[in-house]
Q: 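Below you'll find the structure I mean.
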Amino acid sequence: MKRSGYCNEIGTHLIGEQVTVCGWVSSRRDHGGVIFIDLRDRSGLVQVVFNPERQPEVHRQAHGLRNEYVLQVSGLVSRRPPETENPKLATGAIEILVDRLELLNTAQQLPFQLDEEGVGEATRLQYRFLDLRRTEMQRNLQFRHRVMQTVRRTLDESGFLEIETPMLTRSTPEGARDYLVPSRVNPGQFYALPQSPQLFKQLLMIAGYDRYFQIARCFRDEDLRADRQPEFTQIDLEISFVGAEEVMALAESVIAAVFRDALGQGLSLPIARLTYEEAMDRYGLDAPDLRNPLQLIDLTETLRETGFKVFAQAAAMTGSRGERGMIKVLRLPGGAQLTRKQIDEYTEFVGIYGAKGLAWIKLNGPWQEDGWQSPIVKFFSEAEKAAIVAATGAEVGDILFFGADRASIVNESLGRLRVKLGKDLDLLRGAPFSFVWVTEFPLLDWDNESRRHVAVHHPFTAPMVEDRAQLDAPEMEGRFLDRVRSQAYDLVLNGTEIGGGSIRIHDPKLQERMLALLGIEKEEAEEKFGFLLKALDYGAPPHGGLAFGLDRLVAILLGVESIRDVIAFPKTQKAGCPLTQAPSFVDPLQLRELYLRSTHIPK
RNA sequence: GGGGGUGUAGUUCAGUCGGUUAGAACGCCGGCCUGUCAAGCCGGAGGUCGCGGGUUCGAGCCCCGUCGCUCCCGCCA
């Protein structure tokens with residue numbers, strides 16, 4: 001049952017040789033006389049030819065072949081006759097003249113055609129084993145493999161140890177909802193599937209392993225998105241005796257290796273950087289796509305005294321915890337030609353993010369000549385108009401979009417509008433892949449719902465050395481702590497966060513203080529992750545690390561919209577698997593063994 | 001939990017104002033066909049219009065409910 005190679009490997013160098021290939025019938029063209037079949041395997045296609053004059057018996061056999069039948073064919077590699085070469089095919093210069101045909105298996109008519117575009121995802125996932133035969137999915141998963149191997153090799157060569165950590169672990173506070181696994185031998189108790197190997201990798205640093213990595217499956221029981229699955233894969237790494245610079249440099253070297261090996265492209269290093277503050281100021285989001293030339297401009301000071309009440313009120317706003325009001329503008333060059341309908345659609349769009357409206361000015365001409373078309377322009381003084389032009393550089397033909405509200409609403413709504421305009425109007429410029437580091441994230445954020453601070457990254461992230469004193473000042477408790485910066489960094493690719501990490505706290509006193517600021521009681525901390533706190537007491541080295549979202553990274557590099565297209569067996573938006581029908585009800589006996597009873601009442 | 005989109009043949013879709021027998025392409029089946037590669041020509045089969053209820057003389061189309069898939073908000077690093 002030997003085969004001489006993959007279909008795609010049969011080339012002109014084998015002309016005159018006898019070969020054997022195995023694969024699926026991708027298409028057949030039966031002329032009554034000569035029959036052509038494209039035989040497909042994971043490598044690609046090769047045309048095999050059944051000629052009645054060459055092998056009448058085999059030719060007769062070939063009449064019965066249908067799509068997706070599984071064959072083994074042996075024959076002579078031959079240059080195609082002149083005028084019949086197919087330049088669209090890698091193997092298009094040759095064909096195999098079949099002498100022997102073995103029908104390894106037949107196949108029913110497929111539920112969808114493998115070469116059809118736009119087949120519904122429900123059907124594709126239900127028959128994923130067929131969907132995965134498609135060229136695109138073959139390409140995606142083979143590319144993903146290449147990325148993973150490159151990561152492994154690169155990190156191995158950089159002295160990293162690949163170490164596995166438990167999948168059955170314990171629930172941690174903070175973060176996402178856990179997937180729980182009941183313990184049979186410990187009635188009433190549960191494991192949690194890991195949201196990430198975070199605590200374990202810190203323990204490995206404390207244990208002296210110095211450089212750890214893992215391509216780790218992570219689980220989070222939250223609602224899904226196009227770039228979010230309940231289980232996903234992280235390239236997780238951690239290093240001892242380093243600062244943020246070393247971690248970022250290492251991460252860059254990994255990404256550069258992926259570019260070189262998987263994409264065959266160079267990547268110019270170092271990757272550009274922005275602080276969180278700069279990113280929010282200019283782009284309104286912490287993951288900006290720098291291919292988009294549009295920027296936000298802060299007009300809060302310029303228009304603080306304006307007669308337009310909506311703006312003036314926003315500028316005067318001070319939130320309960322120090323969140324300011326803000327006026328920002330987004331200038332769209334050439335945007336004066338947007339229709340009223342388009343503007344209405346953008347107004348509705350920013351409403352999704354909490355904006356109460358979207359003020360705009362079309363610059364049909366200079367303001368001095370009454371050239372500004374806008375529902376709000378009548379409120380502005382001449383000085384304000386001049387200042388708006390000076391601040392934005394706006395020219396005739398442009399449109400200005402304004403946001404005025406709490407800073408978080410202004411930034412998010414205009415930031416998202418910037419992204420949407422970039423997509424709608426095809427504004428993205430420059431290289432197809434644009435990386436940027438975003439650094440100096442805030443350490444803490446105020447959560448209004450629970451009335452306490454929460455960690456922006458996670459509770460083990462170290463503050464910036466310069467800001468440490470603010471944390472320790474007792475009078476700071478519960479006040480404006482969102483101004484403290486952390487040693488956290490995100491790597492952003494084309495406007496999507498593909499990796500993030502931080503330098504961790506290795507000082508037990510600081511870790512204790514941090515937990516106190518997060519409102520986690522000593523007892524609770526002791527119970528939930530006392531093991532980490534204890535470990536910090538036994539000689540914890542300074543350490544830090546980072547994790548890449550492998551699914552997102554691969555999806556962006558391949559230019560596919562959804563990470564489901566780079567995962568072999570993904571789940572639907574309701575976290576189900578149409579192939580296996582998971583999740584499912586289980587036998588009551590299984591539940592009894594686990595000391596469980598469902599409270600669910602079927603409708 | 002909320003908002004938007006969508007569901008018609010195996011697949012992708014069309015289906016007018018509510019009106020007679022629900023169409024097309026591809027696929028499938030049969031026949032013909034010796035250089036195709038989107039093979040070609042002739043013929044044919046194939047429908048619980050997601051599901052349930054309602055309005056109507058009459059519903060793929062209107063109304064109510066429900067389910068699936070999908071995009072987004074909330075949630076989630």
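Proteins come first, then strands; the chains are lettered A, B, ... in the order of their sequence lines, and each starts at number 1. These figures come from a predicted structure and were not determined experimentally.
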Q: Give a yes/no verdict on base stacking between B/A77 and A/His458: centres under 5.5 Å, planes within less than 30° of parallel.
A: no
Q: Give a yes/no answer on whether the side chain of A/Arg564 brings an N or O atom under 4.0 Å of OP1 or OP2 in B/C71.
A: yes
Q: Need one value for A/Glu348: base, sugar-phosphate or nothing, where a base atom within 4.0 Å counts as base even if backbone is also close, heavy atoms only.
A: nothing
Q: Charged N to carboxylate O under 4.0 angstrom, A/Arg564 versus A/Glu121?
A: yes
Q: With the threshold set at 4.0 Å, does a side-chain nitrogen-carboxylate oxygen contact exist between A/Glu85 and A/Arg79?
A: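 Between A/Arg79 and A/Glu85 there is a salt bridge, with a charged N closer than 4.0 Å to a carboxylate O.
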Q: Given B/C37, is OP1 or OP2 found less than 4.0 Å from the side-chain N or O atoms of A/Ser27?
A: no
Q: Have a look at A/Arg28 and say if it touches a base, only the backbone sugar-phosphate, or nothing, with a 4.0 Å heavy-atom cut-off.
A: sugar-phosphate
Q: If we check side-chain contact (heavy atoms from CB on, under 4.5 Å) with A/Arg220, which of these qualifies: A/Gln195, A/Glu231, A/Gln229?
A: A/Gln195
Q: Hey, does A/Arg228 reach any base, or is it just sugar-phosphate, or nothing, if we go heavy atoms under 4.0 Å?
A: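 Answer is base: heavy atoms of A/Arg228 come under 4.0 Å of a base.
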Q: Within the structure shown, what part of the strands sits under 4.0 Å from A/Thr84 by heavy-atom distance: base, sugar-phosphate, or nothing?
A: base
Q: Suppose we define a pair by two distances each less than 3.5 Å, Watson-Crick or G-U wobble; what does B/A24 pair with here?
A: B/U12
Q: Using a 4.0 Å heavy-atom cut-off across all strands, classify A/Arg66 as base, sugar-phosphate, or nothing.
A: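 It contacts sugar-phosphate atoms only.
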Q: What's A/Gln47 touching, base or sugar-phosphate or nothing? Going by heavy atoms closer than 4.0 Å.
A: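 Base contact.
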Q: Considering every strand and a 4.0 Å limit on heavy-atom distances, what is the contact class for A/Gly549: base, sugar-phosphate, or nothing?
A: nothing
Q: Ignoring backbone atoms, test whether A/Arg54 places a side-chain nitrogen or oxygen under 4.0 Å from the OP1 or OP2 oxygen of B/U34.
A: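 The answer is no; no side-chain N or O of A/Arg54 sits under 4.0 Å from OP1 or OP2.
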Q: Are any of A/Asn86's side-chain N or O atoms less than 4.0 Å away from OP1 or OP2 of B/U36?
A: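 No, outside the criterion.
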Q: For a quick check of understanding: with a heavy-atom distance under 4.0 Å over all strands, which category does A/Arg552 fall into, base, sugar-phosphate or nothing?
A: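 Touches nothing.
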Q: Quick one: do A/Arg134 and A/Asp565 make a salt bridge, cutoff under 4.0 Å?
A: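 No, this pair does not count.
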Q: Under 4.0 Å: is that the gap between some side-chain N or O of A/Arg225 and OP1 or OP2 of B/C73?
A: yes
Q: According to the 5.5 Å centroid and 30° plane-angle thresholds, does A/Phe36 stack upon the nucleobase of B/U36?
A: yes
Q: Is the distance from OP1 or OP2 of B/A38 to the nearest side-chain N or O of A/Lys88 less than 4.0 Å?
A: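 Yes, A/Lys88 has a side-chain N/O under 4.0 Å of OP1/OP2 on B/A38.
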Q: Mind checking A/Gln126 for me? I need base, sugar-phosphate or nothing, with any heavy atom below 4.0 Å counting as a touch.
A: nothing
Q: With sugar-phosphate meaning primed atoms plus P, OP1 and OP2, does A/Val49 contact a base, only sugar-phosphate, or nothing at under 4.0 Å between heavy atoms?
A: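 Counting heavy atoms under 4.0 Å across all strands, no contact is made by A/Val49.
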Q: Within the 4.0 Å heavy-atom criterion, would you say A/Pro81 contacts the bases, only the backbone, or no part of the nucleic acid?
A: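 Result for A/Pro81 = base.
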Q: Pick base, sugar-phosphate or nothing for A/Gly120, based on heavy-atom distances below 4.0 Å to the nucleic acid.
A: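 Answer is sugar-phosphate: A/Gly120 comes under 4.0 Å of backbone atoms only.
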Q: Does B/G68 have OP1 or OP2 under 4.0 Å away from a side-chain N or O of A/Lys574?
A: yes
Q: Does the ring centre of A/His31 sit less than 6.0 Å away from the ring centre of A/Phe36?
A: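 Ring-ring flag for A/Phe36/A/His31: true, centres closer than 6.0 Å.
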Q: May I ask you to say what A/Gln195 touches in the nucleic acid, namely base, sugar-phosphate or nothing, with a heavy-atom cut-off under 4.0 Å?
A: sugar-phosphate
Q: Name the nucleic acid region contacted by A/Asp30, choosing base, sugar-phosphate or nothing; use a 4.0 angstrom heavy-atom cut-off, strictly under.
A: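 Since a base atom lies under 4.0 Å of A/Asp30, the category is base.
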Q: Are A/Asp551 and A/Arg144 close enough for a salt bridge, meaning some N to O gap below 4.0 Å?
A: yes
